[in-house]
Amino acid sequence: MTTVRIPAGWPATEEQALAVQDELRGEVVLDESGPPPGTGYVTGVDVAYDDERDVVAAAAVVLDAVSLDVVAETTAVGQVSFPYVPGLLAFREIPTVLAALDALPCDPGLVVCDGYGLAHPRRFGLAAHLGVLTGLPTIGVAKNPFTFTHDDPGTARGSAAPLLAGTEEVGRALRTRDGVKPVFVSVGHRVSLDNACAHTLALTPAYRLPETTRRADSLCRRALRDTTG
DNA sequence: GCGACAG
DNA sequence: ATCTTGTCGC
């Protein structure tokens, strides 16, 4: 497991973080469709926190997109680098997630984030931010609609409804299990929204959440538990 | 002006 | 995110 410190020059205030988002948001690439769903590698990333100790643990789990078998997995721990502020989540998660990704012995392929990409107040959520910093294709799959609105998707798995910021479609509410609350998919970097949804469906053969985030979630929690000091 | 608000 | 056991149901 890798250990990371807060990077030099990392934003310390909300104002600085907003400035970074403003500077990087123009680098998001939206005119690529991304890797074909159901092929190559798909990597889930997630983090867990210990607020008492101000410690954060991240995990990256690489799955074979066809079999959904684990190909590789890494963890990293570090000091919490930013408070939780809605709209600034990336500054809390990215340093440790980058360390976990860097430790992987193989190419991550598509990266699936637990949170949003373009579905964000300034269209630059965690998945978009991570994509710009790594150059990797990324998508965001969130468990809540945040501040956005949507009509109810049909009840069948695969049904979707636009996730709206006013009239702008920033993502999609996608039903991954019959009759179960949808997930909220948005583009991060170098992937189309249609493909982001197709990948999400390919990753949910049995549960509401993608296998990537389920695996990364349990691994980072375990890494946090196994941490001392 | 007062909430609500990814994880 | 996190605090947390059993329990109802397919």
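Within every chain, numbering begins at 1; the chains are lettered A, B, ... in the order of the sequence lines, protein sequences first and strands thereafter. Note that the coordinates shown come from a computational prediction; the quantities given were computed from them, not determined experimentally.
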> Going 5' to 3' along nucleotides 3-10 of chain C, which nucleotides have protein heavy atoms under 4.0 Å from the base (write B), which only from the sugar-phosphate (write S), and which from neither (write -)?
Replying inline: --------
> Do other residues, nucleotides or ligands put more than 12 heavy atoms under 6.0 Å from the OH atom of A/Tyr84?
Replying inline: yes
>> For residues 73-100 of chain A, which residue pairs pass the salt bridge (Lys or Arg N to Asp or Glu O under 4.0 Å) check, not counting sequence neighbours?
In response: A/Asp51-A/Arg92
> Between A/Arg175 and A/Asp178, is there a side-chain N and carboxylate O pair less than 4.0 Å apart?
Replying inline: no
> Any salt bridge between A/Asp46 and A/Arg215, counting N to O under 4.0 Å?
Replying inline: no
> Is there a side-chain contact between A/Tyr116 and A/Phe146 (heavy atoms, below 4.5 Å)?
Replying inline: yes
> Hey, is A/Arg190 close enough to A/Asp31 for a salt bridge, meaning N to O under 4.0 Å?
Replying inline: no
> Should A/Thr13 and A/Gln16 count as side-chain neighbours, where that means a heavy-atom distance under 4.5 Å?
Replying inline: yes
> Quick one: stems for DNA chain C, with Watson-Crick or G-U pairs under 3.5 Å, at least three in a row?
Replying inline: none
> In B/S/- notation, 5' to 3', how is nucleotides 1-7 of chain B contacted by protein heavy atoms closer than 4.0 Å?
Replying inline: ----BBB
> Hey, is CZ on A/Arg122 packed in by over 12 heavy atoms from elsewhere, all under 6.0 Å?
Replying inline: yes
>> Taking Watson-Crick (N1-N3 plus N6-O4 or O6-N4) and G-U wobble (N1-O2, O6-N3), each under 3.5 Å, can you produce the dot-bracket string of DNA chain B? Use [ ] for crossing pairs and | for inter-strand ones.
In response: .......
> A/Thr75 and A/Arg222: side-chain hydrogen bond (donor to acceptor under 3.5 Å, both in side chains), yes or no, with the steps?
Replying inline: CA-CA 10 Å; A/Thr75 59; A/Arg222 178 149 50 83; over 6 Å; no
>> Tell me the interatomic distance from A/Asp54, atom CG, to C/dT2, atom P, rounded to whole angstroms.
In response: 14 Å
> Would you call A/Arg53 and A/Asp50 a salt bridge, taking side-chain N to carboxylate O under 4.0 Å as the test?
Replying inline: yes
> Can you check side-chain contact (heavy atoms from CB on, under 4.5 Å) on A/Leu203 and A/Leu209, steps first, answer last?
Replying inline: CA-CA 8 Å; A/Leu203 290 167; A/Leu209 297 179; over 6 Å; no
> Can you find a pair of side-chain heavy atoms, one from A/Leu126 and one from A/Ile94, that are under 4.5 Å apart?
Replying inline: yes
> Can you list the steps and then say if A/Val187 with A/Val170 is a side-chain contact (heavy atoms from CB on, under 4.5 Å)?
Replying inline: CA-CA 8 Å; A/Val187 163; A/Val170 294; over 6 Å; no
>> Is the shortest side-chain heavy-atom distance between A/Tyr49 and A/Val80 below 4.5 Å?
In response: yes
> So which of residues 208-215 of chain A are in contact with DNA chain B, with a heavy-atom cut-off of under 4.0 Å?
Replying inline: none
> Quick one: are A/Val62 and A/Val70 in side-chain contact, heavy atoms under 4.5 Å?
Replying inline: no
